[in-house]
Protein chains: 2
Amino acid sequence: MHTLMIADDHPLFRDAIAAVIDAGLPGSRLLQADSLAEVLRQAEAFEALDLLLLDLGLPDAEGLSGLQALREALPWLPVVIVSAKQERHTILEAIDLGAVGYIPKSTPREALLAALAGILEGRIYLPPDIMRRPPATRPTPPPADLSPHLATLTAKQLEVLARLSRGASNKLIARELDIAETTVKTHVSAILRKLGVASRVQAILVADQADLATRLAQHRQDRLDA
Amino acid sequence: MHTLMIADDHPLFRDAIAAVIDAGLPGSRLLQADSLAEVLRQAEAFEALDLLLLDLGLPDAEGLSGLQALREALPWLPVVIVSAKQERHTILEAIDLGAVGYIPKSTPREALLAALAGILEGRIYLPPDIMRRPPATRPTPPPADLSPHLATLTAKQLEVLARLSRGASNKLIARELDIAETTVKTHVSAILRKLGVASRVQAILVADQADLATRLAQHRQDRLDA
DNA sequence: TTGAGCCTCCTACCGAAGGAGGAGGCCCTC
DNA sequence: GAGGGCCTCCTCCTTCGGTAGGAGGCTCAA
């Protein structure tokens, strides 16, 4: 027997959700709220609240700021977002802010009930259909867009860059690679020029944005293959 | 009947996982790999692969870069991270990169099996114990665990560190904060001393490991609250 | 009121970083 | 065999980064 609260400013939607829960999770007690203020007010009265279903469009809590405020005010209260928004980014941000789940309003009732049941048992729910297909639209940009530059680095330059990324000084790199420090400087200069940056720090930022490790492994692999 | 692959460079750990899966998900076919290269090689042979259990410590794929590379190379392959790391930040980043789940190595075997079963049915798994308590326990542990040092930085020092992390020079930081370059140097020196490192580059590495952004937001929030 | 902590700025000094330019050796390709 | 690319190393020079030490002003708490 659980106590749930539905926070949404559309009475019709609240009723619809309530009907689904009544049918699917019989015996649950249901509270309703149409604003963040109302949530806070009622939550103080009902200590035994198990879960809040929070819409992201409340009049006094636009977007995720409402969730953030709630997490600060009532950290003990598990909150699941119920929203029409379906962006991966929003979903992850909600989880980052401490939501225990994110349910798109387009979710069919069976899936919704299963999600709520899982959450009440302590699990986290994310919409699989949205979360399981990100790379479809993103695979190309990182390698191609972020740094066509990295591809132009020679093997030795990549080795040097890898050590730069670990915070090594020119002197240390020289020792590690068993070459002169002046040679290291030559490599570093070439790296900076190719990456179009002005300092080793910026080179590092470019490098790990462009996933240096992968590229390095690739390079080493190529060498082994050859 | 599913086909799973375990990618971890520790044979003992692979065997341990294999044993758990054998017992808990009987009939599953299990493949093993000790490097990212090996995963790619085998994945081409076994088209019917249903799930990859990926460790974050592979020799040729440090951290999440390996996941990213995998998602690009084999977007159709569902990947669940199995790692000793337990930072919320890492977990969310993994999901953002398209992982279908994140299982800490400390997860008890029953929970592990349940997680895998859920994932094979199309759900997303996040460790509830970690994800469900951010505001309550998060303020303390990161400061305490990852770097007791960062907590000792003053507000101004954090501002400077944030700019260091963007690759800014002392001169630029001075302009941005509208203070003298010598003052910036004073701050930088203090930061290096407190973090126990020898150069700005290393300070940056410590900073982003310890989730500087979060801490900075926290600090700014505190200031607003006051 | 005194002191502690922080921010500010300074001088002086030194080593690290980076640019410019040149040079020899190696390997590969045309 | 003549070039091109890469790695190696050098000198000379400038700028940047970082330390040491001192000093004044501020706020807050004892």
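Values below: every heavy atom of this structure, side chains too, minus hydrogens, waters and symmetry copies. Because the structure is a prediction, the values reported are computed rather than measured. Naming: A, B, ... by sequence-line order, numbering from 1 per chain.
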- Message: Assess whether a salt bridge exists between B/Arg14 and B/Asp55, defined as any Lys/Arg side-chain N lying under 4.0 Å from an Asp/Glu carboxylate O.
- Response: no
- Roughly how far, to the nearest 0.5 Å, is CG of B/Leu92 from OH of B/Tyr102? 10.5 Å
- Note on the structure: When rounded to whole Å, the NE2 to C1' distance for the pair A/His187 and D/dC6 reads 9 Å
- Query: Touch check for B/Ser199, heavy atoms < 4.0 angstrom, all strands: base, sugar-phosphate only, or nothing?
  - Reply: sugar-phosphate
- Query: Can you pull the contact range of chain A along DNA chain C, 5' to 3', using atoms under 4.0 angstrom from its heavy atoms?
  - Reply: C/dA16 to C/dG19
- Task: Considering only NZ, NE, NH1 and NH2 on the basic side and carboxylate oxygens on the acidic side, decide whether A/Glu159 and A/Lys156 come within less than 4.0 Å.
- Result: no
- A/Asp96/A/Arg71 salt bridge by N-O under 4.0 Å criterion: no
- Message: D/dG18, OP1 or OP2 - any side-chain N/O from B/Ser189 closer than 4.0 Å?
- Response: no
- Item | Rounded distance in Å - CG (B/Leu195) to P (D/dG18) | 12 Å
- Report yes if a side-chain nitrogen or oxygen of B/Lys171 is closer than 4.0 Å to either non-bridging phosphate oxygen (OP1 or OP2) of D/dC16; otherwise report no. yes
- Interatomic distance where CZ belongs to B/Arg163 and C1' belongs to D/dG17 [whole Å]: 19 Å
- Task: Please determine if a side-chain N or O atom of B/Asn170 lies less than 4.0 Å away from the OP1 or OP2 oxygen of D/dC16.
- Result: no
- Task: Using a strict cut-off of less than 4.0 Å between a Lys/Arg side-chain nitrogen and an Asp/Glu carboxylate oxygen, indicate whether B/Glu176 and B/Arg166 qualify as a salt bridge.
- Result: yes
- Message: Tell me the interatomic distance from B/Leu192, atom CG, to D/dA20, atom C1', rounded to whole angstroms.
- Response: 14 Å
- Query: When the distance from CG of A/Asp178 to C1' of D/dC9 is rounded to whole Å, what number comes out?
  - Reply: 13 Å
- Message: Whole angstroms only, please: what is the CD-P distance between A/Gln157 and D/dG5?
- Response: 13 Å
- Query: Base, sugar-phosphate alone, or nothing: which one does A/Lys185 contact when heavy atoms must sit under 4.0 Å apart?
  - Reply: base
- Sorted by position of nearest nucleotide on DNA chain C, 5' first, the leading residue of B/Glu181 and A/Leu164 is B/Glu181
- Query: Got a second to check how far A/Leu74's CG is from A/Leu52's CG, nearest 0.5 Å?
  - Reply: 9.0 Å
- Message: Salt bridge check, B/Lys85 against B/Glu93: does any charged N sit closer than 4.0 Å to a carboxylate O?
- Response: no
- Query: Could you give the CG-to-P distance, from A/Leu177 to D/dC6, as a whole number of Å?
  - Reply: 18 Å
- What nucleic acid atoms does A/Thr183 come within less than 4.0 Å of, heavy atoms only: base, sugar-phosphate, or nothing? base
